[in-house]
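In what follows, residues are counted from 1 in the order of the sequence shown. It should be emphasised that the depicted structure is a prediction, and the values quoted were computed from it without experimental measurement.
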Amino acid sequence: MEWKKYYLDVVLVPLGFLIIIGYHVWLWHKVRTQPASTIIGINTHGRRSWVPAMLKDIEKKNILAVQTLRNLIMGSTLMATTSILLSAGLAAVISSTYSVKKPLNDAVYGAHSEFMVALKYVTLLTIFLFSFFCHTLSIRFFNQVSILICTPQDVMSTVTPLYLTELLEKGTILSTVGNRLFYSALPLVLWIFGPVLVFLSSVAMLPVLYNLDFVCGNGKGKIMKNDKGDDYV
C-alpha cells in the first residue's frame, strides 16, 4: 500500500518533535517551580537585579548599560540574519526545477516522493521564518530598553524600573524562543537524508540541552521576593 512508504516519516519525525517539545515543557515546569536550578531562572533573577542597579547610578553606568544592550541586539541580529538567509536558500531550492531527491533515493530510508521532499523543505522554511520573526521582535524590545534606560527618573515618570524590566524580559524571552526554534530545525535538516537521523539527532540533543539549561548542584534553592518586591535567593 502507498502509506507503507511513509510509515518511517510518519512515526519517527513526529516522535522526534515530541521528544524536543516534551523536554521544553519539563524545562518550563522547572523554571516555574525551581528557578534556581536552571540557567534561565538564574539569568532572569540577574536581569531583574541589573535594571535597578543601572538606574541607581545611570550617569556613571549609562555606557555600560547601552553596551550590554548593544551586545544583546548584535546577538539577535546575527541569529535573525542567519535564519533569513537559510529561509531564502530553502525558498530558492523549493522554487527551482532541480530535484535533489534523485541522488539520494538509494541512500536513505523513508519516502522519496516529490510531495515528501517539498514537505521537508517547507517545514524547515516555516521554522526558520518563525525564528527570524522572534529575533526581530526581540531586537525591537532591546532597542526600546536602550533608549528608555537613559531617560530621567522622577516621581511622575512612567518609565519605571519595573516597566524596563518587563521590556527586557520580553526581548529575552523572544530571543530564547527564536534560538530554540533554530536549534529544533537542526535535526530536521537531517530529514533530507531520512527520518531515522531526525529521531537520533533529537535524542542526541537532549543531553546537550540539559547541560546548557541546568546548573550543577541540588537545585533546591528558591528565588523569593522581599517586602520591596526585589528578588533574592
Work out which heavy atom in [X] is nearest to a heavy atom in [Y]; give both atom names and the distance.
X      : Y      : answer
Ile39  : Phe214 : CG1-N, 4.1 Å
Leu124 : Leu188 : CD2-CB, 3.5 Å
Ser202 : Ile20  : O-CD1, 3.8 Å
Ala204 : Val208 : O-CG2, 3.7 Å
Ala65  : Met54  : CB-SD, 3.9 Å
Ile139 : Thr77  : CD1-OG1, 3.4 Å

Do [X] and [Y] have side chains that get closer than 4.5 Å, going by heavy atoms?
X      : Y      : value
Ser175 : Leu72  : no
Leu129 : Ile84  : yes
Val51  : Arg47  : no
Phe199 : Val11  : no
Asn179 : His135 : yes
Phe128 : Leu181 : no
Phe182 : Ile127 : no
Leu12  : Val198 : no

Got a donor-acceptor contact below 3.5 angstrom from the [X] side chain to the [Y] backbone?
X      : Y      : value
His45  : Gly41  : no
Ser76  : Ile73  : no
Lys120 : Trp191 : yes

Starting from [Y], can I reach [X] by hopping between I/L/V/M/F/W/Y residues whose side chains sit under 4.5 Å apart?
X      : Y      : answer
Leu119 : Leu15  : yes
Phe130 : Ile21  : no
Leu18  : Leu200 : no
Leu186 : Val203 : yes
Leu64  : Phe142 : yes

Under a plain distance cut-off of 3.5 Å, with no hydrogens placed, do Ser131 and Ser83 share a side-chain donor-acceptor pair?
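Checked: Ser83/Ser131 side chains pair up, N/O donor to acceptor below 3.5 Å.
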Value rounded to 0.5 Å, distance of [atom1] in [X] from [atom2] in [Y]:
X      : Y      : atom1 : atom2 : answer
Leu174 : Arg140 : CG    : CZ    : 9.5 Å
Ile19  : Ser201 : CD1   : OG    : 9.5 Å
Thr68  : Lys61  : OG1   : NZ    : 11.0 Å
Leu85  : Phe132 : CG    : CZ    : 10.0 Å
Leu168 : Thr172 : CG    : OG1   : 4.5 Å
Glu166 : Thr160 : CD    : OG1   : 7.5 Å

Output all residues satisfying ring-ring contact (aromatic ring centres under 6.0 Å, His included) with Trp28, sequence neighbours left out; order by chain, then residue number.
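Expected list: none.
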Taking only residues two or more places apart in sequence or in another chain, which ones pass ring-ring contact (aromatic ring centres under 6.0 Å, His included) with Phe17?
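By the ring-ring contact (aromatic ring centres under 6.0 Å, His included) rule, Phe17 matches no residue at all.
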Step through the shown structure and confirm whether more than 12 heavy atoms of other residues, nucleotides or ligands are within 6.0 Å of CD1 on Ile63.
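Open.
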With sequence neighbours left out, what residues match Asp213 under side-chain hydrogen bond (donor to acceptor under 3.5 Å, both in side chains)?
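By the side-chain hydrogen bond (donor to acceptor under 3.5 Å, both in side chains) rule, Asp213 matches Tyr23, Arg180.
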